[in-house]
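Every chain is numbered from 1, with letters handed out A, B, ... down the list of sequences.
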Amino acid sequence: MSTVQAIRGTRDILPEEVGYWQQVEAVARAVLGRAAYQEIRTPTFEQTELFERGVGEATDIVSKEMYTFRDRGDRSLTLRPEGTAGVVRAYIEHHLHAQGGVQRLWYLGPMFRYERPQAGRQRQFHQVGVEVLGSADPRADAEVIAVATDLLTGLGLKDLRLEFNSIGDRSDRQQYREALIAYLTPYKADLDADSQDRLTRNPLRILDSKDQKTQAILQEAPSILDFLSPDSQGRFEQVQQLLTDLGIPFNVNSRLVRGLDYYTHTVFEIQSDDLGSQATVCAGGRYDGLVSELGGPETSAVGWAIGLERLILLLQQLQPPKPANLDFYLVSRGDRAEAQSMKLAQSLRQTGFSVELDLSGSAFGKQFKRADRSGAVACLILGDAEAESETVQLKWLASGAQESLSQKDLLSQTEQLRKQITALKK
RNA sequence: GCGAGCGUAGCCAAGUGGUUAAGGCAGCGGAUUGUGGUUCCGCCAUUCGUGGGUUCGAGUCCCAUCGUUCGCCCCA
């Protein structure tokens, strides 16, 4: 094939699908706005170092999935693989912490990871995310989760599970890590190959192995929850209580760990069974160490990200595509009529109607066929006779009823027309 | 990075080594030179992702390559 194609792992969102995206964006704006989150837009690429430090050099994202390149000034740049690092960078750079209080931010945009594409996974994908910076209050943890569930249920999604866990602070996790290694080492030969490898590299990740034998061995493994300090334990319980008070069901899952280095305490995922093997549609948690890690002041923070492609996959299973939302389809034939049709279309648009003008110049029969398919509520007909008398035929496409009126009247009866059209759109 | 499946028109496809590549949807033209959603007729792949090979003969078999899908790793 000699024609140029979209890059592997990227895709075009065509008009027939874009309605879903607009819907998601509208609901996200509304829900986040109501909770006093403010939108922030950061660059699509950053210094490579930001992600190495922020996401963690040992993570798969940084070690093998980043789109990193050198620019003409020989700087190492990277297409952002996630949103948090850039937001935190901006927070520090613009001294948003100096404004005092809590910063509630949200973002939406494309992210890039060099991975093998499959269902619900692409190389360029989109996330909407929130970050609450400057609060260690457990209510912040509960709030971000509540906002996420509002967003998802606001789109009509059901059958979602909230998996919830605490991975404690660094020292809790360090002790647990040692205990887990001690427990698993005698079973090493029985673990799946990947997990054997992870035993030294990243033992916590063994917990969510999909291998059955490994999972059987893990039945008796120590739980992170037994290693939480009293403070960590207290936080964990408070967040759970708040979720219960809010009526948000959750499932404590002590096997839940996250792939990014910066998480502490609260971690959670919202999952669906309708996504194939990529079940997680929303994931997040607390990251109290990240801001200082990136050179800012000690700052508590919590946030999440939602994968929009996965979200839209769910939405499509639930809703048929929305039909076109057109008021008028204007058909015309003959020089004078065609000239008038142009002006009539424009005038109607200026009074707030949506109008599609048929440009084909083909026989009326063909134009009607297209009018019918356009999904318009009404068809306006302008031929030689109408042009002569400066009238227009107004045909209601559902009923077939047709009336003749002057173009002047059509443009002056906008109130009444509007009402009739809205009534028919239902 | 690893494993498996699949690439025939804009879309869905039949085709299982024998030569003219079914059918459906959509589109376009006509029946119907000013009235749609129904119906009828006609048109729409010198070629089966690409390159090479096997064969008298390849969309069908083999190899490579690209793309795609699903899974693993990992992640939203």
Side-chain angles (χ1 to χ4, degrees), chain A residues 1-11 14 16 55 58-66 81-84 108-129 148 152 192-195 197-198 201-202 205-206 208-211 257-260 268-272 275-284 303-314 329 331-334 337 358 360 362-376 378-387 393-402 404:
Chain A
M1 190 141 319
S2 65
T3 49
V4 177
Q5 300 178 11
I7 303 296
R8 166 169 235 193
T10 70
R11 46 180 238 118
L14 298 176
E16 58 181 34
V55 179
T59 62
D60 281 44
I61 291 179
V62 171
S63 63
K64 57 182 210 199
E65 295 174 2
M66 293 209 299
E82 55 97 58
T84 301
L108 186 153
M111 308 293 162
F112 305 83
R113 291 182 200 169
Y114 191 90
E115 296 186 274
R116 198 73 178 258
Q118 59 181 268
R121 174 192 297 164
Q122 295 167 211
R123 290 183 174 180
Q124 175 175 342
F125 61 105
H126 297 77
Q127 290 185 331
V128 58
L152 297 169
D192 61 280
D194 286 318
S195 292
D197 190 42
R198 284 183 288 206
R201 217 179 67 240
N202 193 351
R205 293 236 60 102
I206 296 174
D208 58 11
S209 168
K210 289 178 186 170
D211 186 82
V257 290
R258 313 263 37 256
L260 284 61
F268 65 92
E269 289 188 6
I270 299 177
Q271 303 174 348
S272 165
L275 281 173
S277 97
Q278 265 63 241
T280 302
V281 65
C282 173
W304 49 251
I306 287 176
L308 294 186
E309 279 77 6
R310 292 181 189 177
L311 188 56
I312 283 163
L313 242 32
L314 294 173
Y329 191 93
V331 309
S332 60
R333 196 153 162 76
D358 190 304
S360 68
S362 48
F364 272 114
K366 300 294 174 192
Q367 295 197 50
F368 277 108
K369 202 167 245 180
R370 281 190 282 271
D372 189 51
R373 283 178 200 151
S374 74
C379 181
L380 292 168
I381 305 137
L382 248 172
D384 293 332
E386 290 79 13
Q393 301 286 328
L394 169 60
K395 178 168 185 172
W396 300 100
L397 284 167
S399 64
Q402 184 170 328
S404 175

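Spacing of P atoms, B:rG1 relative to B:rG57, comes out at 39 Å, to the nearest Å. Across the C1' atoms, B:rU60 and B:rC74 are found 39 Å apart, a figure rounded to whole Å. Separating the C1' atom of B:rG27 from that of B:rG17 is a span of 35 Å, rounded to the nearest Å. Taking the P atoms as reference points, B:rG51 lies 16 Å from B:rU8, given to the whole Å. Across B:rU54 and B:rC43, the matching C1' atoms stand 39 Å from one another, rounded to whole Å.
Base pairing of B:rC40: its partner is B:rG30, meeting the Watson-Crick or G-U wobble criterion (both donor-acceptor distances under 3.5 Å). Across all strands shown, B:rC72 forms a Watson-Crick or G-U wobble pair with B:rG1, both key distances being under 3.5 Å. The partner of B:rA58 cannot be assigned: no Watson-Crick or G-U wobble pair with both contacts below 3.5 Å exists in any strand. Across all strands shown, the partner of B:rG23 is B:rC12, judged by Watson-Crick or G-U wobble contacts whose two distances both fall under 3.5 Å.
Distance OH (A:Y114) to P (B:rC2): 11 Å, rounded to an integer number of Å. Going from atom CD of A:Q402 over to atom P of B:rG36 covers 11 Å, rounded to whole Å. Whole-Å rounding puts the A:D372 CG to B:rG37 P distance at 7 Å. The separation between A:E16 atom CD and B:rG10 atom P is 16 Å, rounded to whole Å. Between A:F368 atom CZ and B:rU33 atom C1' the separation is 15 Å, expressed in whole Å. Here the C1' atom of nucleotide B:rG34 and the CD atom of A:Q367 are 10 Å apart, to the nearest Å.
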(message) Please encode protein proximity along nucleotides 64-76 of chain B as a string of B, S and -, counting only heavy-atom distances under 4.0 Å.
(response) ---SB-SBBBBBB

(message) Each nucleotide in nucleotides 24-29 of chain B should get exactly one letter: B, S or -. Can you fill that in based on protein heavy atoms under 4.0 Å?
(response) ---SSS

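Using a 4.0 Å heavy-atom cutoff across all strands shown, A:Q393 reaches at least one base atom of the nucleic acid. Using a 4.0 Å heavy-atom cutoff across all strands shown, A:L311 reaches no nucleic acid atom at all. Residue contacts for A:E386: at a heavy-atom cut-off of 4.0 Å it reaches a base atom on one of the strands shown. Nucleic acid contact class of A:A398 (heavy atoms, under 4.0 Å, all strands): base.
A:S362 and A:R370 make their closest contact through OG-NH2, 2.6 Å (heavy atoms, listed as atom of the first residue, atom of the second, distance).
Checked by atom type and distance alone, the side chain of A:R310 never pairs as donor or acceptor with a backbone atom of A:V281 at under 3.5 Å.
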Anything under 3.5 Å between a protein N or O and an N or O of nucleotides 5-7 of chain B, put it in a table, one pair a line.
none

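Using a 3.5 Å distance cut-off with no hydrogens or angles, the side chains of A:S63 and A:D60 do not pair a donor with an acceptor.
Using a 5.5 Å limit on the distance between ring centres and a 30° limit on the angle between planes, the aromatic ring of A:F364 does not count as stacked on the six-membered base ring of B:rU35.
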